[in-house]
S.K.: 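This is the structure, below, for whatever I ask next.
Model, not experiment: these values are computed from the prediction.
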Amino acid sequence: MKTILLISRCPPYPLHLGDRLILWHLARELSRRGYTIDLLALYDQENDGEQTVEYADCFRRIELVREPRRDALAYLRRILFRSARFASSAERSFCPPLWRTIDAYLKRYDYDLAHCFGAVSIYEFYPLLAHLPNLITPYESHTHYLRSAARQGRLSARAQLPIARHFEGFMYSPFDRTVVISDADRATLLALQPALDIEVIPNGIELARFQPRDLARDPHTLLFVGNFDYEPNQDAVRALVKQILPQVRSRVPAAKLQLVGVNPPDWMRTLANDYIEVTGAVPDVTPYLARAAVFVCPLRIGAGLKNKVLEALAMGIPVAATPLSVDGIKVVNGESAFIAPIEKIADETVRLLMEETLREILAQKGRELIETQYTWGRTADRYERLYDEICSLR
């Protein structure tokens with residue numbers, strides 16, 4: 001089996017952060033299959049160093065490097081000067097300590113492959129890795145994300161969009177392969193850089209943990225789950241509370257909403273009333289997915305693949321969602337989920353609340369989709385094949 005140098009923009013834990021989720025599950029699957037993996041990762045949370053016990057058995061060695069603040073001039077220099085796009089030394093990189101750590105590991109140990117997880121904070125280390133078979137997984141296209149935010153009137157997104165386009169126009173070009181988690185992200189990157197060799201490998205689900213349960217569902221409860229530090233989830237909550245829930249309750253007065261997830265801001269906590277529950281962090285989200293009648297996901301901002309939707313489908317809770325919410329997920333509208341524009345989500349939600357047979361059909365088909373298409377074992381299989389292909393080409 002191969003020995004891999006894994007360089008990441010973040011550690012693999014805690015799992016409520018989506019970019020850490022794939023890293024943790026993939027490393028666990030590959031280590032079980034006999035791969036040897038050394039992890040070098042940036043970190044930005046004070047307790048990240050204390051969390052290594054949660055994933056230590058997946059790696060041979062782990063080193064975390066504090067992510068430094070990057071100044072605007074560093075970005076401008078890379079935009080203006082082609083020669084500055086990729087670092088040529090530790091001092092010219094965004095993070096000199098990580099450059100030196102990578103360099104030391106490459107001199108001390110032998111690797112079959114280098115795998116980078118991340119985008120702007122990781123891509124520039126390519127010159128150190130050029131002699132090895134290599135790939136980069138940026139998860140999603142930041143340009144795709146910013147476009148969705150700009151459509152919702154986010155002025156900061158409009159300002160950042162030209163910068164993101166510029167960087168994504170060159171960042172991934174020298175890597176043997178680029179991996180994203182949805183077709184929409186692939187299309188955006190190819191429009192910016194047509195010569196890229198891009199693979200789409202979606203996230204998976206822990207089938208044993210996320211599975212339907214023999215419990216009676218509350219026929220009037222709507223559910224939305226997320227990390228509420230994340231602006232797209234906050235935007236979705238605003239749409240739920242101001243636009244969707246009032247329409248639903250006008251036709252189903254008993255309808256109520258649960259907002260489940262970590263870090264709800266103060267304004268969200270003040271939403272709590274007789275028919276809106278804001279739980280904050282919970283030990284386990286699965287009881288909520290097992291009890292609610294409909295999972296409503298009105299995302300208007302975002303990119304990549306939404307783990308919350310995969311989890312809902314796996315748990316057999318009917319899903320009503322915007323098209324962006326199911327990017328990268330092969331749902332069939334009306335069969336495995338209801339997909340509608342934001343202004344129609346309330347209608348679809350009411351329909352699901354009122355038709356038990358329809359809910360049962362969507363629950364069954366949604367679970368079948370996850371079982372056949374979206375497991376972490378399947379994700380690891382595809383990465384294994386990709387590793388073999390890249391190494392054989394070299």
Side-chain angles (χ1 to χ4, degrees), residues 205 210-226 228 232-261 264 268 271-279 282 284-300 306-326 329 331-370:
I205 280 292
F210 293 96
Q211 60 178 309
R213 300 182 184 178
D214 190 18
L215 298 172
R217 291 188 178 274
D218 183 329
H220 301 117
T221 297
L222 312 180
L223 176 65
F224 180 69
V225 170
F228 295 118
N233 289 334
Q234 293 185 20
D235 179 78
V237 168
R238 292 186 179 96
L240 268 168
V241 172
K242 294 179 180 179
Q243 183 175 346
I244 297 168
L245 186 60
Q247 293 181 51
V248 172
R249 283 178 53 81
S250 70
R251 286 172 278 178
V252 185
K256 54 187 177 182
L257 172 65
Q258 288 182 325
L259 301 172
V260 178
M268 191 181 300
L271 297 173
N273 56 31
D274 291 341
Y275 54 88
I276 298 176
E277 179 183 2
V278 184
T279 68
V282 296
D284 186 3
V285 72
T286 57
Y288 295 89
L289 290 166
R291 290 284 191 182
V294 181
F295 188 86
V296 186
C297 193
L299 290 170
R300 299 181 290 191
K306 316 306 179 293
N307 296 305
K308 60 172 67 66
V309 177
L310 292 181
E311 292 168 0
L313 292 168
M315 290 287 295
I317 175 173
V319 172
T322 53
L324 185 144
S325 300
V326 295
I329 306 174
V331 292
V332 177
N333 186 28
E335 181 177 304
S336 46
F338 273 174
I339 312 304
I342 193 78
E343 61 271 14
K344 298 292 184 181
I345 290 289
D347 295 336
E348 303 292 20
T349 301
V350 169
R351 185 179 172 193
L352 284 170
L353 288 175
M354 299 182 71
E355 298 185 33
E356 183 178 358
T357 300
L358 188 58
R359 294 200 303 271
E360 292 174 353
I361 292 172
L362 262 64
Q364 178 184 345
K365 294 296 185 181
R367 175 66 185 186
E368 290 175 359
L369 175 66
I370 297 300

S.K.: Could you tabulate the donor-acceptor pairs under 3.5 Å formed by side-chain atoms of residues 242-254, not counting sequence neighbours?
M.R.:
| unit_1 | atom_1 | unit_2 | atom_2 | d |
| --- | --- | --- | --- | --- |
| Q247 | NE2 | Q243 | O | 2.9 |
| R249 | NH1 | P253 | O | 2.9 |
| R249 | NH1 | A255 | O | 2.8 |
| S250 | OG | Q247 | O | 2.6 |
| R251 | NH1 | D347 | OD1 | 3.0 |
| R251 | NH2 | D347 | OD1 | 3.0 |

S.K.: How far apart are the closest heavy atoms of C297 and V309, and which atoms are they?
M.R.: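 Looking at all heavy atoms of both residues, the shortest contact is SG-CG2, 3.9 Å.
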S.K.: Please name the pair of heavy atoms, one in A314 and one in I205, separated by the smallest distance, quoted to 0.1 Å.
M.R.: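 So the two residues come closest at CB-CG2, 3.8 Å.
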S.K.: In the structure I gave you, are the side-chain heavy atoms of E277 and L259 within less than 4.5 Å of one another anywhere?
M.R.: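 No, too far: nothing below the 4.5 Å cut-off.
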S.K.: Which pair of heavy atoms, one from R359 and one from L353, lies closest together, and at what distance?
M.R.: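 Scanning both residues completely, I find the closest heavy atoms to be NH1-O, 2.9 Å.
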S.K.: Is a side-chain donor or acceptor of S325 paired with a backbone partner of A321 at a separation under 3.5 angstrom?
M.R.: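 Judged by distance alone, no pair lies under 3.5 Å.
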S.K.: Taking the basic N atoms (NZ, or NE/NH1/NH2) and the acidic carboxylate oxygens, is any pair closer than 4.0 Å for D274 and K256?
M.R.: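 Judged by the 4.0 Å cut-off on N to carboxylate O distance, D274 and K256 do not form a salt bridge.
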S.K.: Check whether any side-chain heavy atom of K308 sits under 4.5 Å from a side-chain heavy atom of F295, and report yes or no.
M.R.: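 They are in side-chain contact.
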S.K.: Is the closest side-chain heavy-atom distance between F224 and N233 below 4.5 Å?
M.R.: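 Yes; the side chains approach each other to less than 4.5 Å.
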S.K.: Out of curiosity, M268 CE to I276 CD1, how far, rounded to the nearest 0.5 Å?
M.R.: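 So the gap between those two atoms works out to 11.0 Å.
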S.K.: Which heavy atom in A340 sits nearest to a heavy atom in P323, and how many Å separate them?
M.R.: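 Heavy-atom minimum between the residues: O-CD, 3.4 Å.
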S.K.: Ignoring hydrogens, what is the shortest heavy-atom contact between T286 and M315? Give both atom names and the distance.
M.R.: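 It is O-CE, 3.3 Å.
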S.K.: Spell out, as yes or no, whether a donor-acceptor pair under 3.5 Å connects the side chain of E348 to the backbone of A320.
M.R.: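 No; judged by distance alone, with no hydrogens or angles, the pair does not exist.
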S.K.: Quick one: pull up CG in L222 and CD1 in I345 and give me the separation to the nearest 0.5 Å.
M.R.: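 If I round to the nearest 0.5 Å, the distance is 11.5 Å.
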S.K.: So, do P212 and R367 sit near enough that their side-chain heavy atoms are less than 4.5 Å apart?
M.R.: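 Heavy-atom side-chain distance check passes, below 4.5 Å.
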S.K.: Can you measure from OG1 (T349) to CZ (F338) and round to the nearest 0.5 angstrom?
M.R.: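 So the OG1 of T349 and the CZ of F338 are separated by 9.5 Å.
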S.K.: Got a second to check how far Q364's CD is from E368's CD, nearest 0.5 Å?
M.R.: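 Those atoms lie 4.5 Å apart.
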S.K.: Any sub-3.5 Å donor-acceptor pair from R217's side-chain atoms to A290's backbone N or O?
M.R.: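 At least one qualifying donor-acceptor pair exists.
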S.K.: Under the side-chain contact (heavy atoms from CB on, under 4.5 Å) rule, what do I361 and E335 come out as? Steps first, then yes or no, please.
M.R.: CA-CA 7 Å; I361 292 172; E335 181 177 304; 5.6 Å; no
S.K.: Under a 3.5 Å distance rule, please check whether D218 uses its side chain to pair with a backbone N or O of A292 as donor and acceptor.
M.R.: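 Looks like no, no N/O pair under 3.5 Å.
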S.K.: Are T279 and Y288 side-chain neighbours, meaning at least one heavy-atom pair lies under 4.5 Å?
M.R.: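 Answer yes - side chains close enough.
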S.K.: Under a 4.0 Å N-O cut-off, is there an ion pair linking R300 with D235?
M.R.: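 Yes, charged N to carboxylate O under 4.0 Å.
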S.K.: Is the shortest side-chain heavy-atom distance between T322 and I339 below 4.5 Å?
M.R.: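 Contact flag for T322/I339 side chains = no.
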S.K.: Side-chain contact test, heavy atoms from C-beta onward, threshold under 4.5 Å: evaluate it for I317 versus V294 and give yes or no.
M.R.: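 SC-SC contact between I317 and V294 ruled out.
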S.K.: Short question: side chain of R291, backbone of A216 - any donor-acceptor pair under 3.5 Å?
M.R.: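 Looks like yes, one N/O pair under 3.5 Å.
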S.K.: Minimum heavy-atom separation for K306 to I329, with atom names?
M.R.: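 Shortest heavy-atom contact: O-CD1, 4.0 Å.
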S.K.: Taking the side chain as C-beta and beyond, is there a heavy-atom pair between L257 and Y275 under 4.5 Å?
M.R.: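 No, every pair of side-chain atoms sits at 4.5 Å or beyond.
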